[in-house]
Amino acid sequence: MKDYTLTTESNKSKLNNYFIKSIPFKGELLKPCPGTKGYICCGYQILNIGANCPLDCSYCILQSYFKDGGLRVFSNLEERIGEVITVIESTPERIYRIGTGEFTDSLALDPLTKWTSLLIPLFAERKNLILELKTKTTSIKGLIDSRHRRGIIVSWSLNSPFISERDESKSPSIKARLMAARKCQQEGFSLGFHFDPLVTHRGWQDQYLRTLELLAQYINPKAIVWISMGSFRYMPELKPIIRKRHPDTRILDGEFIMGLDGKMRYFKPIRIELYSYMRHHFESWDKDLGLYLCMESNEVWQQSMGWSPGKTEMLSDYLDARVRKFFG
Ligand code: SF4
């Protein structure tokens, strides 16, 4: 892929005041999402394409992973991607749900790195995998220019307008994200949405309803493979970083308890209230949205969703079934 290496003299580029360094990556490119101890996870695979993100959301866990604030993209991705294809081809009976949006935004740097033009032709159309590109941006040109559609899920992270304006201030508005999603839908892509982190704040019910109304206005639910929900949670060491880097945020207001995985979370009744409220409104829009919870307990699943997969393997099966329904 010609354009992958950033071409400034020092091999560094600047975006949103970040320096982007292009370096070879020596670790494992494809890894199972570590999930979190004591909760039901989704059995996702992470494809490592870069480290850190220019969107700088106040709640982002990456602030504690990459303390120097530097952005890195991996210059040897093209060279090494064959390793991933070999793994996938060696287990044809298994469905791989692969995402690139865990350690960076999947599309924020795409205009520079052209990740989509490397990954989509290699990953699309393969029977046993889907590639999920998770973003808060409107950088969809690389997708639209591609001739592939099958096996690609383009996903947007959404939040309430209040949280979007204050805590995702370097990302496009919710409306702009949904307009990009609609364009992708019109161009034949399947979509996903992630409401994570759901945050309690004054008037959160009306605020989230505004986002759900926009979602219904712009998107045809029939193209939605899944919608996930997760409530705000954080490792204790992230709190002072958030306080220092985002002094105006309100996301740390309220009470939290330490969960089974050592992360601070809302009390269970609050999490159940958040998910139940969202589920009620999702289901009054469409009953077949592939709703699921990210890193939640059996009890919270039962009380908010009315059922529970019970364990990670069963949530994996549920999401694999969604993949088969959309892509055969
Ligand atoms: S878009 Fe995602 S990866 Fe980027 S800063 Fe926000 S939460 Fe972190």
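Computed over heavy atoms, backbone and side chain alike; hydrogens, waters and symmetry mates excluded. Keep in mind that this is a model prediction, so the values were computed, not measured. Atoms within a ligand are numbered from 1 in the order they appear, just like the ligands themselves.
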Notebook entry, point to check: Which residue supplies the protein heavy atom nearest to atom 8 (Fe) of ligand 1, what is that atom called, and how far is it?
Noted result: Cys60 SG, 2.3 Å
Next item on the list: Report yes or no: does Arg265 contribute a side-chain atom to a donor-acceptor pair with the main-chain N or O of Gly259 at less than 3.5 Å?
Entry: no
Next item on the list: Check whether any N, O or S atom of Cys57 sits under 2.8 Å from atom 8 (Fe) of ligand 1.
Entry: no
Notebook entry, point to check: Tell me, which protein residue and heavy-atom name are nearest atom 2 (Fe) of ligand 1, and how many Å apart are they?
Noted result: Lys136 NZ, 3.6 Å
Notebook entry, point to check: When you look for heavy atoms under 4.0 Å from ligand 1, do you find them on the side chain of Asp56, its backbone, both, or neither?
Noted result: backbone
Next item on the list: Kindly assign one of parallel, tilted or perpendicular to the pair Trp301 and Trp307, based on the angle between their ring planes and the thresholds 30° and 60°.
Entry: perpendicular
Notebook entry, point to check: Hey, would you say the Tyr234 and Phe256 ring centroids sit under 6.0 Å apart?
Noted result: yes
Next item on the list: Below 4.0 angstrom from a heavy atom of Leu62, which ligand 1 atoms are there? Numbered from 1 as shown, please.
Entry: 3 (S)
Notebook entry, point to check: Can you check salt bridge (Lys or Arg N to Asp or Glu O under 4.0 Å) on Lys114 and Asp110, steps first, answer last?
Noted result: CA-CA 5 Å; Lys114 313 287 183 207; Asp110 197 52; over 6 Å; no
Next item on the list: Kindly say whether the aromatic ring centers of Tyr208 and Phe162 come within a distance under 6.0 Å.
Entry: no
Margin query: Return the closest protein heavy atom for atom 4 (Fe) of ligand 1 as residue, atom name and distance.
Written below: Cys53 SG, 2.2 Å
